[in-house]
2 protein chains.
Amino acid sequence: MRRADRLMQLVQFLRDGTLHRASDLAAATQVSLRTIYRDMETLAASGVPIEGERGIGYRVTAAITLPPLNLTMTEMEALHLGLHAVGQSTDAELSAAARALSSKLDAVMPEDRSRAPSGYGFAIYPFADAARGFQHLPSLRQAVRTRQKLELTLQDETRTVRPLQIDYWGRLWTCVVWCERKAGFDEIRVDQITRMRILPSLFVDEKGKSLRDFNALRQGS
Amino acid sequence: MRRADRLMQLVQFLRDGTLHRASDLAAATQVSLRTIYRDMETLAASGVPIEGERGIGYRVTAAITLPPLNLTMTEMEALHLGLHAVGQSTDAELSAAARALSSKLDAVMPEDRSRAPSGYGFAIYPFADAARGFQHLPSLRQAVRTRQKLELTLQDETRTVRPLQIDYWGRLWTCVVWCERKAGFDEIRVDQITRMRILPSLFVDEKGKSLRDFNALRQGS
DNA sequence: TGGCAACTGACAAGTTTTTGTCACTAAATT
DNA sequence: AATTTAGTGACAAAAACTTGTCAGTTGCCA
């Protein structure tokens with residue numbers, strides 16, 4: 001893996017922010033000039049903010065490059081929430097940066113239309129609404145973990161459900177439940193929950209009512 | 001770039017959340033069992049959240065993977081500030097997530113000398129192809145949301161398509177589309193799009209042309 | 001204008017990676 | 001105990017990638 005090593009080395013050289021001529025880089029890495037040009041192309045295409053000016057040399061423009069990150073849904077939510085908070089800050093520069101970063105994140109969030117309840121993408125949805133349901137999340141999570149039934153009220157309608165799985169799409173939380181009254185699965189938007197009560201009764205997986213069954217259904221349809 | 005293509009294909013298969021045996025994947029990709037195991041190792045090392053269980057099969061654990069991001073210093077500061085704020089939250093799980101994310105970020109910050117070489121994508125293989133397509137993502141995403149047809153050029157071939165779903169598989173972005181000319185589904189690599197134009201005409205789900213139909217086909221085959 | 005240094009395309013030679021095969025081991029479920 | 005399926009190590013052949021060379025072009029600056 002000699003090439004990858006050299007690419008990393010080149011980034012190290014360029015990180016100091018000063019100008020570098022391709023010929024210098026070639027000498028430093030013991031490689032031909034042509035290869036340096038090819039490397040620069042690869043790096044630029046890989047997202048490293050490199051700029052080459054004819055008759056001048058190379059320099060890196062932006063400061064920090066983050067490698068690919070794997071986030072849990074909760075971490076993603078923390079990220080959005082935190083940036084939203086900073087976006088409200090009085091420091092104009094800082095709040096602008098927070099909003100800019102939020103946009104960047106929105107732009108690269110995986111979007112899966114087949115799973116989202118059709119009609120509302122997270123971009124359309126005002127953050128405030130999502131935040132309203134946010135208060136219920138901790139106890140909802142607990143109920144999913146401890147497998148306790150819930151009594152919850154959505155739009156003046158109260159029902160008893162078995163909470164199975166919490167999902168997060170960018171800005172919206174939903175919960176997959178088995179509804180006792182309708183005797184069927186449902187996907188509930190957490191922000192639409194107006195009241196919620198954890199019931200003392202526990203539940204166990206029953207044939208046709210488990211998360212596995214829900215996933216099977218979702219696949220099949 | 002045959003291997004990269006296969007890796008992408010594999011993530012597509014695994015993305016449906018169901019179990020997959022290595023032997024099935026091998027048959028589907030026309031490749032030996034041993035190669036599948038090697039591919040799984042590569043994908044896991046590349047950050048795709050894959051889990052294999054002995055006697056069971058493979059599945060992806062739902063998580064969000066962010067592509068490499070370039071941040072300014074101010075944006076980085078906003079990020080840290082926001083996460084710090086959320087870290088103070090009363091929701092134990094959320095504040096834990098914020099702190100975990102802070103650690104992750106610290107681990108990949110330039111100041112940290114102990115950067116893992118594998119943290120950079122090009123240490124494994126260049127993901128230049130993936131990065132090249134990033135520029136089209138925001139408008140592509142918009143088109144998926146607003147259900148607008150697209151005219152796009154791939155390798156000197158221009159076609160009109162209905163964008164249905166955007167997928168990110170760790171290194172490459174793809175878009176599932178219905179191609180008007182071929183009258184069939186296609187999975188387009190965003191990095192191979194050379195030109196793209198959002199057309200004013202909207203589209204609606206039609207029998208045989210919807211995302212649901214595409215998924216049914218993928219299951220069946 | 002001349003000099004500098006970034007760029008580009010093509011191609012053969014060299015090097016590395018990828019692959020299949022084979023012979024195993026390791027958990028988990030039945 | 002038998003079965004199923006993931007996972008490992010080694011090695012040679014095949015495929016893919018990387019590199020240097022060469023012969024250019026382009027843009028900026030003095």
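Throughout, protein chains are lettered first and strands after them, A, B, ... in sequence-line order, and every chain is numbered starting at 1. Please read all numbers here as calculations on a predicted model, not as lab measurements.
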side-chain contact (heavy atoms from CB on, under 4.5 Å) assessment of R6(A) paired with Q30(A): CA-CA 10 Å; R6(A) 187 182 60 243; Q30(A) 301 272 46; over 6 Å; no

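- Regarding R3(B), its CZ atom lies at a distance of 12 Å from the P atom of dG20(C), rounded to whole Å.
- You'll find the side chain of Y58(A) stays beyond 4.5 Å of the side chain of L19(A), heavy atoms only.
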Test log, rule side-chain contact (heavy atoms from CB on, under 4.5 Å), inputs V161(B) and L152(B): CA-CA 8 Å; V161(B) 302; L152(B) 40 85; 4.0 Å; yes

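- Taking atom CG of L19(A) as the reference point, atom P of dC29(D) lies 12 Å away to the nearest angstrom.
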Contact letters for nucleotides 3-11 of chain D, in which S counts primed atoms plus P, OP1 and OP2 and B counts the base, heavy atoms under 4.0 Å: -BBBBBBB-

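- The shortest distance between the side-chain N/O atoms of T35(A) and the OP1/OP2 oxygens of dG20(D) is below 4.0 Å.
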Check against side-chain contact (heavy atoms from CB on, under 4.5 Å), E151(B) and M196(B): CA-CA 6 Å; E151(B) 182 189 80; M196(B) 188 175 115; over 6 Å; no

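- Partners of R21(A) by salt bridge (charged side-chain N to carboxylate O under 4.0 Å, His left out), not counting sequence neighbours, listed by chain and number: D24(A).
- Counting only N and O atoms by type, the side chains of D213(B) and S210(B) include a donor and acceptor under 3.5 Å apart.
- Ring geometry, W178(B) versus F185(B): the interplanar angle exceeds 60°, so the pair is classed perpendicular (tilted spans 30 to 60°).
- Side-chain contact, R197(B) with T153(B): no donor N or O sits under 3.5 Å from an acceptor N or O.
- Summary of helix geometry: the two end axes of the helix from dT1(C)-dA30(D) to dT30(C)-dA1(D), each defined by five base pairs via their C1' atoms, are inclined to each other by 50° (rounded to 10°).
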